[in-house]
Amino acid sequence: MIVITRYSVPEADTEAFRTDADAAVAALSRRPGFRGHRLGRAADDPLLWTVVTEWDGAGYYRRALSDFDVKVNAVPLLSRAIDEPTAFEILDGGA
């Protein structure tokens, strides 16, 4: 599964956002089931950012969120995400 969180980040907050995103991903990456991540910014709107993580399944992601280190380092960032669905089941990997 993938988790896609989007953020509206004022230009003045870009450096702080990247620092927070790095800390969040570092904490999440230490949890079982974590496969990888991507950090991106919209080509047409430089204030719109995304953090994408990939997991072995929804249970792994949910359990990761209950970890103390994740609560300290990732939940503060995740709480600033745009309020929309974030978890997606992978249906096709097409090449």
Side-chain angles (χ1 to χ4, degrees):
M1 73 161 287
I2 56 174
V3 176
I4 302 170
T5 51
R6 297 187 318 139
Y7 304 85
S8 181
V9 181
E11 192 170 324
D13 295 342
T14 298
E15 187 174 325
F17 172 79
R18 295 213 47 188
T19 297
D20 290 349
D22 289 344
V25 168
L28 289 166
S29 71
R30 292 188 286 271
R31 303 307 308 150
F34 180 87
R35 290 185 177 183
H37 82 283
R38 298 197 186 242
L39 174 67
R41 184 168 59 180
D44 297 326
D45 181 355
L47 303 183
L48 185 61
W49 288 76
T50 188
V51 176
V52 179
T53 56
E54 186 172 349
W55 297 85
D56 287 336
Y60 288 99
Y61 177 65
R62 290 184 186 120
R63 284 188 292 280
L65 292 179
S66 66
D67 178 74
F68 179 77
D69 188 41
V70 171
K71 286 181 181 179
V72 170
N73 292 294
V75 171
L77 176 74
L78 297 173
S79 70
R80 294 195 315 255
I82 294 171
D83 186 18
E84 61 188 5
T86 60
F88 296 86
E89 178 183 9
I90 302 294
L91 300 176
D92 184 6

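All heavy atoms count here, side chains included; hydrogens, waters and symmetry mates do not.
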**Asked** Is the shortest distance from a Lys or Arg side-chain nitrogen in Arg80 or Asp20 to a carboxylate oxygen in the other one below 4.0 Å?
**Response** yes

Transitively linked via ILVMFWY side-chain contacts under 4.5 Å: [X] with [Y]?
X: Leu65; Y: Phe34; answer: yes
X: Val52; Y: Ile90; answer: yes
X: Val3; Y: Phe88; answer: no
X: Val25; Y: Ile82; answer: no

Nearest 0.5 Å, what's the [atom1]-[atom2] distance between [X] and [Y]?
X: Asp69; Y: Lys71; atom1: CG; atom2: NZ; result: 12.0 Å
X: Leu78; Y: Thr86; atom1: CG; atom2: OG1; result: 8.0 Å
X: Arg30; Y: Asp67; atom1: CZ; atom2: CG; result: 8.5 Å
X: Ile4; Y: Arg38; atom1: CD1; atom2: CZ; result: 11.5 Å
X: Met1; Y: Glu54; atom1: CE; atom2: CD; result: 10.0 Å

**Message:** I'd like to check the side-chain contact (heavy atoms from CB on, under 4.5 Å) partners of Asp45; sequence neighbours left out, ordered by chain and number.
**Reply:** Ala42, Leu47, Leu48

**Non-hydrogen side-chain atoms of Tyr61 and Ile2 separated by less than 4.5 Å** = no

**Item:** Donor-acceptor contact present, side-chain Thr50 to main-chain Gly40, <3.5 Å
**Value:** no

**Request:** Output yes when a side-chain donor or acceptor of Arg31 lies under 3.5 Å from a complementary backbone atom of Ala27, and no otherwise.
**Result:** no

**Item:** Heavy-atom pair with the smallest gap, counting every atom of Leu28 and Val70
**Value:** CD2-CG1, 3.8 Å

**Fill in**
Nearest heavy-atom contact between Leu39 and Ala21 is CD1-CB, 4.3 Å

Residue [X] excluded, over 12 heavy atoms near [atom1] under 6.0 Å:
X: Glu84; atom1: CD; result: yes
X: Arg62; atom1: CZ; result: no
X: Tyr60; atom1: OH; result: no

**Message:** Parallel, tilted or perpendicular, judged at 30° and 60°: which one describes the rings of Trp49 and Phe17?
**Reply:** tilted

